[in-house]
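A short worksheet on the structure shown next.
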Amino acid sequence: MSKLKAAVFASGTGSNFEAIMETKHLACEIALLVCDKAGASVIAKAEKYGVPTFVFDAPDKATYEKVIIDKLEESGISWIFLAGYMRIAGPTLLRSYEGRILNIHPSLLPAFPGVDAIGQAFRAGVGTTGVTVHYIDEGIDTGPIIVQEKVTILKDDTEESLKKRIQQVEHQLYPKVINQLLQSK
Ligand SMILES: Nc1nc2c(c(=O)[nH]1)N[C@@H](CN(C=O)c1ccc(C(=O)N[C@@H](CCC(=O)O)C(=O)O)cc1)CN2
Ligand SMILES: NCC(=O)N[C@@H]1O[C@H](COP(=O)([O-])[O-])[C@@H](O)[C@H]1O
């Protein structure tokens, strides 16, 4: 039986995309990379793995998402994994893929939602932060939480050293959650 097909949506450096692609025995096929901006780094990673990329922009969100959904359906995509995707998914995409869009976020939600979550936690002086994998909903980082993993902020941490440890957790947690979820489908 062929595997379910998924798309990764990314805008950043693509380290989570790479961690997913490097996962042995991933429970789905990553059949498309949707890149919000022309992120050269993540596109180069997709090309390295032979994953088709789709870079597109449009004057408004509804139009953007209608074109993206056509591409997803044409590619047989049934799940979407956001990984540093810096757009808010709107009602068009949420309706089409309700309950099948995951996001990874570098804090213990509901603490530090939105952008620069690592910087927010670092500047807040908390002793512990972490990583959250959640379903998305119409809010920003308010969707149902699937799993969280804590990361201690060390006394001699810089924001960069903290980010490095957080991303090491992300790179093992996201593929693990994907496999746990999709193996049961
Ligand atoms: N409907 C949802 N969409 C997204 C979620 C979510 O929970 N629900 N998570 C985000 C990821 N994210 C933080 O985890 C995040 C990404 C982007 C923004 C943001 O404010 N973006 C601006 C600018 C976008 C642009 O310039 O292209 C915006 O969209 O207005 C906040 C949080 C992914 N999407
Ligand atoms: N608000 C969403 C958010 O901050 N997402 C974060 O963007 C980074 C993308 O890195 P990557 O491009 O190397 O995977 C990841 O750390 C992810 O948690």
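Just so you know, ligand 1 is whichever comes first in the structure, and atom 1 is the first atom listed for that ligand.
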**OP:** Measure from atom 30 (O) of ligand 1 to every heavy atom in Ile101, Ile88, Leu109 and give the option owning the shortest one.
**Re:** Ile88
Subject >> Identity of the nearest option to atom 12 (O) of ligand 2, non-hydrogen atoms only, from Pro113, Ala10, Gly84, Gly14 >> reply: Gly14
Original post:
What protein heavy atom is closest to atom 10 (O) of ligand 2, reported as residue, atom name and distance in Å?
Top reply: Gln167 NE2, 3.2 Å
**OP:** For Tyr85, take its heavy atoms, then give the atoms of ligand 1 lying under 4.0 Å from any of them.
**Re:** 11 (C), 16 (C), 33 (C)
Original post:
Does ligand 1 have any atom that is closer than 4.0 Å to a heavy atom of Leu93?
Top reply: no
**OP:** Look only at interatomic distance and state if Thr13 has a nitrogen or oxygen under 3.5 Å from any nitrogen or oxygen of ligand 2.
**Re:** yes
**OP:** Run down the list Ser107, Ala89, Gly139 and name the one with the heavy atom closest to atom 6 (C) of ligand 1.
**Re:** Gly139
Subject >> Per atom 11 (P) of ligand 2, closest listed option by heavy atom (Pro106, Ser15, Gly114, Ala19) >> reply: Ser15
Subject >> Shortest reach to atom 23 (C) of ligand 1 by a heavy atom, considering only Lys61, Met86, His134 >> reply: Met86
Original post:
Atom CG of Leu32 and atom CD1 of Ile77: how far apart are they, to the nearest 0.5 Å?
Top reply: 5.5 Å
**OP:** With heavy atoms under 4.0 Å as the rule, classify the contact between Lys163 and ligand 2 as side chain, backbone, both or neither.
**Re:** neither
**OP:** Could you check if a side-chain atom of Tyr64 sits within less than 4.5 angstrom of a side-chain atom of Arg87, using non-hydrogen atoms only?
**Re:** yes
Original post:
What do you reckon, does Asp137 have a nitrogen or oxygen under 3.5 Å from a nitrogen or oxygen of ligand 1?
Top reply: yes
Original post:
To which protein heavy atom is atom 18 (O) of ligand 2 closest, and what is the distance rounded to 0.1 Å?
Top reply: Glu170 OE2, 2.4 Å
Subject >> Mutual orientation of the aromatic rings belonging to Trp79 and Phe81 [parallel < 30°, tilted 30-60°, perpendicular > 60°] >> reply: tilted
